[in-house]
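Both ligands and their constituent atoms are indexed starting at 1 by order of listing. Keep in mind that what you see is a predicted model, and the values were worked out from it rather than measured. Just so you know, these numbers use all the heavy atoms, side chains as well, and skip hydrogens, waters and symmetry mates.
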Amino acid sequence: MYAQALDQKDRSPVTAEDPVRLERFEARCAVEDKIEPKDWMPEAYRRTLIRQISQHAHSEIIGMQPEGNWVTRAPSLRRKAILLSKIQDEAGHGLYLYSAAETLGVSREELSEQLLSGKAKYSSIFNYPTLTWADMGAVGWLVDGAAIMNQIPLCRCSYGPYARAMIRICKEESFHQRQGFEIMHTLAKGTAAQKAMAQDALNRWWWPCLMMFGPPDQASQHSDTSMRWKIKRFSNDELRQKFIDAMVPQAQFLGLDIPDPELRFNEESGHWQTGAIDWSEFRRVLAGDGPCNRQRMRVRRQAEDEGVWVRDAARAFAAKRAARLQAAAIAAE
Ligand code: FAQ
């Protein structure tokens with residue numbers, strides 16, 4: 001029941017596309033034309049986008065929970081205000097992304113139902129707990145850092161509404177990353193106990209962040225078509241490597257150790273090389289058995305149930321207002 005996306009795919013067969021239209025579509029992608037909602041697109045392109053955009057939206061919504069855990073315990077009023085704003089930004093990102101997905105002909109209700117029923121995936125990273133205040137630093141620095149690395153290329157995605165949503169999201173994500181780095185910096189340059197807390201957070205978040213980029217290229221089912229259609233611009237492994245190369249010097253600047261005894265700089269390739277990633281852990285989290293999968297879904301469902309009266313009240317108000325306006329229009333005739 002808590003497994004992510006065991007049955008999320010639209011299994012109805014994709015009928016053969018008109019070869020002429022398909023060729024024209026592929027040619028538009030090749031020359032970097034933006035595809036807009038009313039343009040013809042292959043059914044597989046539409047489904048891929050709905051899958052990716054909705055998983056991304058769900059990740060933003062579920063991603064509020066690990067941070068929400070620290071709102072009441074932030075160490076100062078300033079930190080609390082910043083954290084609250086960041087969490088509100090995540091909600092906004094979820095909403096822009098649901099709107100982008102809706103332009104592809106799927107309703108917000110369907111998407112929400114896929115998440116609440118446990119059919120839809122969201123990012124593996126949000127199934128890990130935030131145990132200390134330093135985790136707010138690590139989430140901002142590393143999780144938002146990984147998100148930016150993955151999402152900047154999405155600003156050039158071939159699908160117009162997704163690309164445009166990503167531009168604003170990326171601007172906000174870079175603030176988030178800065179605030180996370182600033183928390184880590186304060187802790188790492190603070191007392192020995194604070195530095196140990198920052199190191200512990202890095203130890204717990206490093207490997208799950210590397211997994212955020214998705215399975216290794218040879219195991220990534222969607223990368224080839226998504227790259228041909230210019231939805232994705234880089235492969236999962238390419239983005240993971242860019243992230244590692246960016247983060248290692250930042251950890252060094254902070255005076256923190258990356259928890260990987262095999263980490264070394266490869267002079268030949270010019271890249272930092274890590275030890276092996278434990279992909280069995282990634283598969284376990286995706287199958288619903290991460291440290292917090294059950295808790296995340298329980299909290300999400302509870303929030304949905306507790307919001308019923310708000311949605312009912314909004315609908316009742318909208319109906320009353322429409323009736324009032326209609327009555328006024330009739331009276332004016
Ligand atoms: N977790 O063939 P690929 C954030 C699935 S937002 C769970 O390589 P694709 C902001 C994948 O869906 C973070 N599932 O797939 C924030 C597919 O399964 P399916 C979210 C994963 O789509 C910060 C299967 O594995 N970002 O952090 C994961 O070509 C702080 C095979 O994979 C996005 O969603 C994973 N990590 O590439 C919020 C960005 N990785 O659908 C709050 C947009 C892979 O066939 C606080 N998405 N899978 O059942 C993407 O760029 C892509 O979808 C990838 C995966 C790169 C995630």
Handout entry: Atoms in ligand 1 with a heavy atom of Y122 nearer than 4.0 Å
Key = 1 (N), 7 (C)
Handout entry: Those atoms of ligand 1 less than 4.0 Å from some heavy atom in F213
Key = 56 (C)
Handout entry: Least distance between heavy atoms, P129 atom then C292 atom
Key = N-SG, 3.6 Å
Exercise for the section: Flag yes if more than 12 heavy atoms outside K189 fall under 6.0 Å of its NZ atom; otherwise flag no. Expected result: yes
Exercise for the section: With heavy atoms only and a cut-off of under 4.0 Å, state how L286 meets ligand 1: side chain, backbone, both or neither. Expected result: side chain
Exercise for the section: Give the contacting part of Y162 toward ligand 1: side chain, backbone, both or neither, where contact means a heavy-atom distance below 4.0 Å. Expected result: side chain
Exercise for the section: With heavy atoms only and a cut-off of under 4.0 Å, state how K121 meets ligand 1: side chain, backbone, both or neither. Expected result: side chain
Exercise for the section: With the side chain counted from C-beta on, respond yes when L254 and Q250 share a heavy-atom pair under 4.5 Å apart, and no when they do not. Expected result: no
Exercise for the section: Measure N150 to ligand 1 on non-hydrogen atoms and call it side chain, backbone, both or neither using the 4.0 Å cut-off. Expected result: side chain
Exercise for the section: Taking the six-membered ring of F234 (Phe, Tyr or Trp), confirm whether the NZ or CZ of K242 is under 6.0 Å from its centre and within 45° of its axis. Expected result: yes
Exercise for the section: Please report the closest heavy-atom contact between E238 and M227, naming both atoms and the distance. Expected result: OE1-CE, 4.4 Å
Practice task
Answer with yes or no whether the side chains of Q52 and H222 bring together a donor and an acceptor at under 3.5 Å.
Solution key: no
Problem - Side chain, backbone, both or neither: the part of I125 lying under 4.0 Å from ligand 1 by heavy atom - result: neither
Practice task
Examine the side chains of T103 and Y159 and answer whether a donor and an acceptor come within less than 3.5 Å of each other.
Solution key: yes
Fill in the blank from the handout: In ligand 1, the atoms that come under 4.0 Å of a heavy atom of G214 are 40 (N), 44 (C)
Problem - Modelled atom types, side-chain donor and acceptor of Y122 and N127, under 3.5 Å - result: yes
Problem - Student check: side-chain heavy atoms of T274 and R264 closer than 4.5 Å - result: no
Handout entry: Subset of ligand 1 atoms that lie under 4.0 Å from at least one heavy atom of K232
Key = 8 (O), 9 (P), 29 (O), 37 (O)
Fill in the blank from the handout: Interatomic distance, CD1@I82 vs CD@E182, rounded to 0.5 Å, equals 6.5 Å
Fill in the blank from the handout: Short version for H56: what comes under 4.0 Å of ligand 1, heavy atoms counted, is both
Practice task
Considering the heavy atoms of P215, write down every atom of ligand 1 situated less than 4.0 Å from one of them.
Solution key: 8 (O), 31 (C), 32 (O), 44 (C)
Practice task
Report, in ascending order of atom number, the atoms of ligand 1 lying under 4.0 Å from any heavy atom of A147.
Solution key: 4 (C), 27 (O)
Problem - Polar contact flag for K86 and ligand 1 (N/O pairs, less than 3.5 Å) - result: no
Practice task
Would you mind listing which atoms of ligand 1 come within a distance below 4.0 Å of any non-hydrogen atom of Q151?
Solution key: 6 (S), 26 (N)
Exercise for the section: Examine M212 against ligand 1 and note whether any of their N/O atoms are separated by less than 3.5 Å. Expected result: yes
Practice task
Answer side chain, backbone, both or neither: which part of R51 comes under 4.0 Å from ligand 1, heavy atoms only.
Solution key: side chain
Handout entry: ligand 1 contact by E173, heavy-atom criterion under 4.0 angstrom
Key = yes
Practice task
Assess S226 for proximity to ligand 1: is some non-hydrogen atom of it under 4.0 Å away?
Solution key: no
Exercise for the section: Would you check whether N236 has a nitrogen or oxygen atom less than 3.5 angstrom from a nitrogen or oxygen atom of ligand 1? Expected result: yes
Fill in the blank from the handout: Within the 4.0 Å heavy-atom cut-off, what Q221 brings close to ligand 1 is both
Problem - S124 versus L286, closest heavy-atom pair with distance - result: CB-CD1, 3.9 Å
Handout entry: S220 N/O under 3.5 Å from ligand 1 N/O
Key = yes
Problem - Per-atom contacts of ligand 1 with D144, taking only distances under 4.0 Å to non-hydrogen atoms - result: 23 (C), 30 (C)
Problem - Exercise: identify the closest heavy-atom pair between E90 and E67 - result: OE2-OE1, 3.7 Å
Problem - Under 3.5 Å: N/O of H222 near N/O of ligand 1 - result: yes
Practice task
Determine whether F243 and L142 make a side-chain contact, defined as any pair of heavy atoms from C-beta on separated by less than 4.5 Å.
Solution key: yes
Completion exercise
Closest heavy-atom pair, S220 versus P215, reported as atoms and distance to 0.1 Å, is CA-CG, 4.1 Å
